[in-house]
Amino acid sequence: MEEINTFVSHLECSYTGKTYPADQLHGLSEAGKPLLVRYDLEALGKAICKEDLQERLPEFWRYREFLPVRKSENVVRLGEVMTPILPAEKLQNDYECGEILIKDEGRLPTGSFKARGIALAVAMAKELGVKRMAMPTNGNAGAALAAYCSAADIETFVFCPEDTPKVNIEEIAFQGAKTFLANGYITDCGRIVGGGVEAVNWFDTSTLKEPYRIEGKKTMGLELAEQLDWQLPDVILYPTGGGTGLIGMWKAFNELEAIGWIDSKRPRMVAVQAEGCAPIVKAFEEGTRHAEPWKDASTIASGIRVPAAVGDFLILDAVRESKGFAVAVSDDAINEAHKECASREGILLCPEGAATLAALKQELKTGRIKSDEQVMLFNCATGLKYPMQSSHHMIDLNQEIDYDFIANC
Ligand SMILES: *Cc1c(COP(=O)(O)O)cnc(C)c1O
């Protein structure tokens with residue numbers, strides 16, 4: 001079996017700084033907070049250079065030195081492409097603003113960026129001998145867990161709120177997970193998963209309750225830096241639920257700066273939420289480090305319908321440190337941006353991705369985003385999994401075809 005050149009030194013509580021040994025199974029820290037993976041960055045920086053990356057496959061495993069997996073046999077591959085960065089030039093002209101770039105994460109296996117985090121969580125679970133995994137999900141994370149666990153021969157249990165989009169429920173079940181719907185919120189499903197750790201000995205793979213999903217999501221930051229030739233954009237707009245991606249990218253930028261691959265110029269990180277579920281926005285505006293759980297969460301953007309995030313302080317710290325902000329948009333604005341991007345650019349966003357575009361439009365008006373800034377929006381999933389508002393016409397084959405009507409409608 002092939003050893004990967006890895007540099008993990010230990011794990012660290014993100015809240016208290018207490019250290020924990022690597023190469024053991026961990027959930028949350030004793031303080032009940034997420035654990036972060038730490039590396040010997042000096043050794044890492046000496047072991048590879050930017051040019052080495054060019055000879056590697058265009059997949060996120062190209063950043064293996066920045067990742068915790070030690071043995072290549074534990075890597076599970078389902079085609080983890082580097083996702084394209086699409087310029088939205090027409091929207092840029094319409095809004096008279098700086099460059100708009102869309103990182104299209106819908107190209108990843110199972111159609112969402114959850115594949116990044118879950119691929120790492122599953123590889124590490126395999127490495128540490130886990131045989132059963134469980135998770136509460138609003139959809140995409142469960143789909144990724146089902147697929148990667150089936151590929152890795154790990155038994156999987158997935159719990160969804162009963163109003164989870166049908167296509168998500170079906171793909172989770174079809175890809176081999178034991179799938180359950182519960183008449184409550186994702187937080188209620190989380191309680192079921194938590195209870196099963198003792199009861200039936202599965203591993204709790206909830207967002208940020210295990211240390212490796214952040215490392216997978218970190219590859220978004222490494223990848224976008226490499227794709228932009230190590231010059232980061234001025235602003236990143238990220239649709240924020242549990243916040244793994246935002247926290248992960250910020251960690252990536254810290255590690256890249258520590259090894260001298262980027263300078264100290266950082267993007268402003270903007271956490272985008274929906275008006276019907278905006279705990280991070282409320283905490284940002286009130287100046288607190290933790291967010292209160294949101295009551296009666298509701299939005300069409302199900303991926304960001306997360307009433308309480310374990311890593312709330314990590315999201316808020318990164319947003320504040322970067323001099324960014326947190327902002328909420330309405331479901332109407334999400335729908336409008338969704339349609340606009342599809343019909344003007346031919347880019348089919350998911351509703352969460354559309355939320356970032358809606359936030360950009362809104363904040364160009366308020367001036368919190370300047371008209372000469374380069375912005376990157378995150379489209380986190382393929383738009384094909386979601387309902388689309390569309391208009392079309394019927395043709396009656398018993399009548400003569402009316403081409404004038406067709407051409408002019
Ligand atoms: C999970 C998810 C999000 C939120 O991502 P986090 O990193 O957990 O905040 C946004 N959009 C979609 C489509 C998702 O599946």
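Numbering of ligands and ligand atoms starts at 1, following listing order. What you see below is based on every heavy atom in this structure, not just the backbone, and it leaves out hydrogens, waters and symmetry mates.
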To the nearest 0.5 Å, what is the distance between CG (Asn140) and SG (Cys380)?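 Answer rounded to 0.5 Å: 8.5 Å.
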
Approximate separation, where rounding is to 0.5 Å, of Arg344 CZ and Asp94 CG: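 Answer rounded to 0.5 Å: 4.0 Å.
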
Do any nitrogen or oxygen atoms of [X] come within less than 3.5 Å of a nitrogen or oxygen of ligand 1?
| X | answer |
| --- | --- |
| Ala381 | no |
| Phe113 | no |
| Lys217 | yes |
| Tyr386 | no |
| Thr207 | no |
| Gly245 | yes |
| Lys114 | yes |
| Cys350 | no |

For [X], the ligand 1 atoms whose distance to one of its heavy atoms is below 4.0 Å:
| X | result |
| --- | --- |
| Thr244 | 6 (P), 7 (O), 8 (O), 9 (O) |
| Cys380 | 10 (C), 11 (N), 12 (C), 13 (C) |
| Thr240 | 9 (O) |
| Tyr238 | 5 (O), 6 (P), 7 (O), 9 (O) |

Where the closest heavy atom to atom 6 (P) of ligand 1 is concerned, which of Pro351, Gly243, Ala271 has it?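 Looking at heavy atoms only, the winner is Gly243.
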
Nearest to atom 13 (C) of ligand 1 by heavy atom, Asn140, Leu246, Asn138, Thr382: which?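 Comparing heavy atoms across Asn140, Leu246, Asn138, Thr382, the nearest one to atom 13 (C) of ligand 1 lies in Asn140.
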
Main-chain N/O of Gln231 paired with Lys265 side-chain donor or acceptor, under 3.5 Å: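 No.
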
Can you tell me how the ring of Phe313 sits relative to the ring of Tyr15, calling it parallel under 30°, perpendicular over 60° and tilted otherwise?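 Perpendicular, since the angle between the ring planes exceeds 60°.
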
Fit a plane to each ring of Phe405 and His393, take the angle between them on a 0 to 90° scale, and name the class: parallel (under 30°), tilted (30 to 60°) or perpendicular (over 60°).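 Geometry flag for His393 against Phe405: perpendicular rings.
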
Testing the 3.5 Å rule here: is there a donor-acceptor pair between the side chains of Asp204 and Ser206?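 Distance-only check passes for Asp204 and Ser206.
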
Could you go through the ring pair (Phe, Tyr, Trp, His ring centres under 6.0 Å) check for Trp261 and Tyr63 one step at a time? CA-CA 13 Å; Trp261 286 18; Tyr63 306 111; 8.5 Å; no

Is any side-chain N of the basic residue among Arg70 and Asp23 closer than 4.0 Å to the acidic one's carboxylate O?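 Salt bridge between Arg70 and Asp23, a charged N being under 4.0 Å from a carboxylate O: yes.
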
Give the intermediate values and the outcome of salt bridge (Lys or Arg N to Asp or Glu O under 4.0 Å) for residues Arg56 and Glu65. CA-CA 12 Å; Arg56 299 185 180 177; Glu65 285 87 352; 2.8 Å; yes

Is the charged tip of Lys18 near the ring of Tyr20: under 6.0 Å from the six-membered ring centre and within 45° of its axis?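 Ring-cation test returns yes.
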
Against ligand 1, does Ser112 come closer than 4.0 Å with any heavy atom?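 Ser112 does not count as a contact of ligand 1 under the 4.0 Å cut-off.
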
